[in-house]
Q: 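Below: one structure in structure tokens.
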Amino acid sequence: MEDNNRTEANPVYELCPLISQLQSSPVGSHGKVSISCIQALGSDIYIGCSNGTLLRYVLNETEDGTYQYTPISEFMLQTRASIEDIQLAPSLSMALVLSDGCIFFLSLPTLALVPPEIIRPMKNAIAFAINETSGPQEPVGLALIKRDGIGFWELGAKLVHVQEFKESSIILARRSGPCLCLADTENYIVFNLSTRLHLPFHPISTSENWKILPQIAVSNPGEFLVVACMGTSPDFRNVYTMGIFVNENGDPCQDPINWESPPTSIAVDEDLIASLHIDGPSGEVVEIRRKGATDIIQSIALLKSPDQAKLLSFARRGFAVPVTSRLDKLRISSMSLFEPLNSSRKGGTRDHLHEPDSGLTPPPTPKTPSNNSRHSHRRSQSGGKQGLTSSQIGRSLPTARLLVATSQSVYALLPSNLISQVEQLLDKGKVKDAASFLSQAQAKHGKNETLAADFQYLNTRIGVEYLHQTAFEDAGDALFRGGLDPRLLIGLWDDWRELARRLSYAYGTNPDEPIRVEVFSGLEKQMVTLMGLTVETIVTNYSPHLKPSTSISSAGKELRASLHWNAKKMLKKYLRKFCNRRRFLQDGANGIYSDEGVNRIVDTVLVILYAESKDPEDNNELSMLLDASQILRIEDIRDVLISNGHIASLIRLYERSGDTQSVIEIYVQLVEGQLTESSILDPLERVKRLLQASTSRDIVQKYILWLLRKDRTSGIELMISSDAKHPRSIPEDILLLSKIQEVDSDASLVFLEYLVLQKQTLDPSLHTQLVLRYLDALLVSLQDPKRLDQQKETIENYRITQNRSSSSTTEPPPFLWYLAFDTPMSEDKTTRLKLDFMLQGSSKYDMEAVRRRLRIAGRGIDKMLALEMAILEAKVGAPLSVLSPAIYDVRL
């Protein structure tokens, strides 16, 4: 049997087999037993047979895990005549069965006859009707149609007679509340118990030459649908019939329905009208129309066979249909997302995705989303999956209310589920129509948690279809609604796929195990295809007819660039929404929203996308993300931040992590011109402050010489202050001094003075260095004739002072006093005073080395330094007789 859709793209019903062959061979039956009427409730189907047998079929699970209806019991009525009608009263757990003018009362679901002392079978019945309402009724109103009238009863624990009305020739009745719709041999009649209305409102047939059997269905509370023959064609090949809707007053209440051929049976399922036609031009079909419309929205053709369709029955409370296609598609399957790090394959390759053993192995016990799992297809959405047990799956089977019966088999008209309707549109390439249809369904049923997984499944499939069409924005929106694991979308870029793979294994994940992702089983093929795609292949496969080709023509190149840009825009929007939802969930986040590995990948790739953008809004988003995320690894985003000029943002990250050295390093690169950042003013000053505040000796040691090159004063200050925080040993001081000497000789002298004079280091080599530095500086200055003359003039002036003092009683001052206080300030004066004080005050320097340096200077120079010679001679303990007479020319 197959669907033949005539006017609407989406079929509203699917024809599903329930019982392929009637299984009944009751004792005493003659000839082939056939189905005469049928009803269903829950997981039970009740079949009335032509020989008076009542069969009960029950939905059971088979050995292979599927479900099917199997016979479980049968009851032979004492009439052994064809069962004409079965009506169920679920509120009483009772079935009413009409056979050979007798109504039997049987218990549900066992089909045990109600004991006659409680309720006796009712005889002389032509037809009967019970109150067909959706709610439970107790007692249930029963109308008994007899040859000479209608009897009204209340059916509860007992059968209570209410009243009788004389009415002859009634052959059919249907009841809704206090109102009945009757049919005699000529007319349809409305009978209202409350108002005592008795109104024939329309003939069964308006033609004198053609008669049809009456048909009545309850279409709404207090509303009925009847079938009337309106005439025939002259050759009687065409019989024109009409469906008329009337209310409890007999007034038309809906637009009528016109049928091209008379229906054999009718049923009303909410706003849909089903009619069975066995003699029409299209063969055996069930036509589906909407109330108030004549157009057929679906025509379900039945395959021609000797087993001709006989009737259409409406099961008011519904019954389970053993169709698991939806459940099968919504089962959870696990597939490999990233190959193990220790795999021989490289992370970027996608060839393994098409191999048979590619990780697409469902778990041993497939799990189906429960009614309470809004994001059931992965623990990524709202926690762990909750699979259903077999009994739960049975209770989750789809429900139908329409039955089609042939003489030997039974079918269900199963309302097409959302998945089947949308997928049929997708299979026809109508992606936009499918998306529109799904959007309307979500707007209408979005709060129905039993459909949450369906919405996710379909949105994901639509998103993948949009990707193939390069409709990237629509694809991203659909995939987000589908709850797609963001790593699958990130994987469309090879570089980021490898980044995601590396980050997935960065924190304790077993490198020998693949990273797996959970998907709907019905989407495995789409996911494998998605994982084998890249944006480049998607764009390449999109081939509009541009000559000479999309890769050569300028228009084609512009198109490709635009598509690549749109793809990144899609990913950026997707990841932004992912972060927003994660932030909204906060402490309630679980699944992938609480998976640190997934969140790190999302944040890292989103930082890259923001950093590469020139949009000011994206720059703001970048700052907020960097400030908010606690899981970003700076080494993963450092290069992209630097290359795109987000230096200040990188500095904030380092500062937040307490990595002072990296902050200093960036400022150093800014000072050196290796990096540029207009928002950072005076980076050198920032380096100074950080080094002064640093408690790390290693950091200070690393940058102290660099700072010395850039700012001698600050560098020297840092050397001195850092020694107070972390005192250096003498070998360390000597090593640092040698390095400073290589960088800045003048600075090394200052540091040497600090070591000897302020820190009071007693190391002889340092004292010797300081004395020789003073001496060498003084000797160099005396090489200058002008400065030499100044020294001679100083000595001559001192002698004059001595001569003046000798002619008076005043003692002349020592030469050092005179030099320090009575001569103009000069660099040479300062150096000589420092030298003299060191020669006289220190006992740690190598005096022989100093004397040797003076002797090398020559006779002309050593006379100018007679004082220094005298100090040295005195230091070594030379007798006065050996002191040069010149020494006495200057008083010590």
Side-chain angles (χ1 to χ4, degrees), residues 22 24-30 33-42 44-58 71-132 137-162 164 170-175 180 310-311 313-317 319 403 405 410:
L22 188 65
S24 175
S25 301
V27 177
S29 62
H30 299 283
V33 177
S34 63
I35 297 173
S36 57
C37 61
I38 189 168
Q39 261 299 335
L41 176 66
D44 296 85
I45 296 178
Y46 303 98
I47 299 175
C49 298
S50 58
N51 65 347
T53 303
L54 189 63
L55 302 176
R56 177 191 175 202
Y57 279 72
V58 176
I72 193 170
S73 65
E74 62 180 51
F75 179 80
M76 173 68 77
L77 298 177
Q78 64 187 29
T79 62
R80 294 183 181 273
S82 178
I83 297 177
E84 301 169 40
D85 192 10
I86 302 173
Q87 293 193 40
L88 306 180
S91 61
L92 301 176
S93 297
M94 192 177 293
L96 286 73
V97 180
L98 175 63
S99 174
D100 195 25
C102 189
I103 300 176
F104 297 89
F105 299 89
L106 294 90
S107 297
L108 294 179
T110 60
L111 295 182
L113 188 65
V114 175
E117 59 268 22
I118 297 177
I119 301 177
R120 290 179 177 274
M122 305 180 75
K123 298 181 179 181
N124 301 319
I126 295 175
F128 73 96
I130 63 174
N131 188 11
E132 297 188 37
Q137 296 289 322
E138 188 175 353
V140 173
L142 168 64
L144 175 64
I145 311 300
K146 298 184 291 184
R147 293 183 184 280
D148 57 352
I150 305 174
F152 290 94
W153 304 72
E154 286 185 351
L155 179 60
K158 294 283 187 177
L159 186 61
V160 179
H161 182 263
V162 178
E164 293 277 342
I170 302 299
I171 58 176
L172 183 64
R174 286 290 181 266
R175 179 173 180 175
L180 280 83
K310 296 182 64 175
L311 58 92
S313 181
F314 178 65
R316 194 164 57 251
R317 295 291 184 88
F319 57 92
L403 292 153
V410 180

Q: Rounded to the nearest 0.5 Å, how far apart are CZ of F319 and OH of Y57?
A: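 One finds 15.0 Å between CZ of F319 and OH of Y57.
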Q: Evaluate I126 against R147 for side-chain contact (heavy atoms from CB on, under 4.5 Å), listing each step before the verdict.
A: CA-CA 7 Å; I126 295 175; R147 293 183 184 280; 3.5 Å; yes
Q: Just by distance, do the side chain of Q39 and the backbone of A95 share a donor-acceptor pair under 3.5 Å?
A: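 No, Q39 side chain to A95 backbone: no donor-acceptor pair under 3.5 Å.
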Q: Grab the two heavy atoms, one from R56 and one from P109, that are nearest each other, plus how far apart they are.
A: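 In this case the closest contact between R56 and P109 is CD-O, 3.0 Å.
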Q: Are any of the side-chain heavy atoms of T53 and V33 separated by less than 4.5 Å?
A: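 No - every pair of side-chain heavy atoms lies 4.5 Å or more apart.
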Q: Has S50 got a side-chain atom pairing as donor or acceptor with S34's backbone, closer than 3.5 angstrom?
A: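 Yes.
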Q: Nearest 0.5 Å, please: how far is CD1 in I72 from OG1 in T110?
A: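 Spacing of OG1 (T110) from CD1 (I72) equals 10.5 Å.
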Q: Please tell me if the side chains of S107 and V114 come closer than 4.5 Å, counting only heavy atoms from C-beta onward.
A: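 S107 reaches V114 side chain to side chain.
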Q: Using a 4.5 Å cut-off on heavy atoms from C-beta on, say whether the side chain of L88 contacts that of Y46.
A: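 Sidechains of L88 and Y46: in contact.
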Q: Hey, what do you get for CG (L22) to CG (L55), rounding to the nearest 0.5 Å?
A: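 Here the interatomic distance stands at 5.5 Å.
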Q: How far apart are the closest heavy atoms of P139 and E154, and which atoms are they?
A: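 That would be CG-OE1, 3.6 Å.
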Q: So L96 and L142, do their side chains get closer than 4.5 Å, heavy atoms only?
A: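 L142 vs L96: side chains touch.
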Q: What heavy-atom pair brings S91 and V140 nearest, and what distance separates the two atoms?
A: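 Reported closest heavy-atom pair: OG-CG2, 3.8 Å.
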Q: In the structure I gave you, are the side-chain heavy atoms of M76 and N51 within less than 4.5 Å of one another anywhere?
A: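 Contact flag for M76/N51 side chains = yes.
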Q: Go through W153 and M122 one step at a time and tell me if the side-chain contact (heavy atoms from CB on, under 4.5 Å) criterion holds.
A: CA-CA 11 Å; W153 304 72; M122 305 180 75; 3.5 Å; yes
Q: Is there side-chain contact between P90 and L41, with heavy atoms separated by less than 4.5 Å?
A: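 Heavy-atom side-chain distance check passes, below 4.5 Å.
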Q: Could you grab the distance from atom CD1 of I103 to atom CG of L144, nearest 0.5 Å is fine?
A: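 CG of L144 is found 4.5 Å from CD1 of I103.
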Q: What distance do L111 atom CG and L106 atom CG have between them, rounded to the nearest 0.5 Å?
A: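 One gets 6.0 Å once the value is rounded to the nearest 0.5 Å.
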Q: Does any non-hydrogen side-chain atom of E164 lie less than 4.5 Å from one of K146?
A: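 The answer is yes, as the side chains (C-beta and beyond) meet within the 4.5 Å cut-off.
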Q: Verify, without hydrogens or angle tests, whether S99 (side chain) and A81 (backbone) share a donor-acceptor contact under 3.5 angstrom.
A: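 Yes, the answer is positive, given that a donor and an acceptor are paired below the 3.5 Å cut-off.
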Q: Side-chain contact, heavy-atom cut-off 4.5 Å: F105 with L159?
A: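 Yes; the side chains approach each other to less than 4.5 Å.
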Q: What heavy-atom pair brings A40 and A315 nearest, and what distance separates the two atoms?
A: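 Residues A40 and A315, closest heavy atoms: O-CB, 3.4 Å.
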Q: Out of curiosity, C37 SG to L403 CG, how far, rounded to the nearest 0.5 Å?
A: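 Between C37 SG and L403 CG, I get 11.5 Å after rounding to 0.5 Å.
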Q: What is the minimum heavy-atom distance between Q87 and I130, and which atoms define it?
A: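 Closest heavy-atom pair between Q87 and I130: OE1-CG1, 3.2 Å.
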Q: Donor-acceptor check, side chain of S313 to backbone of I38, threshold 3.5 angstrom: yes or no?
A: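 Yes; judged by distance alone, with no hydrogens or angles, the pair exists.
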Q: Which heavy atom in I150 sits nearest to a heavy atom in A143, and how many Å separate them?
A: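 The answer is CG2-CB, 4.4 Å.
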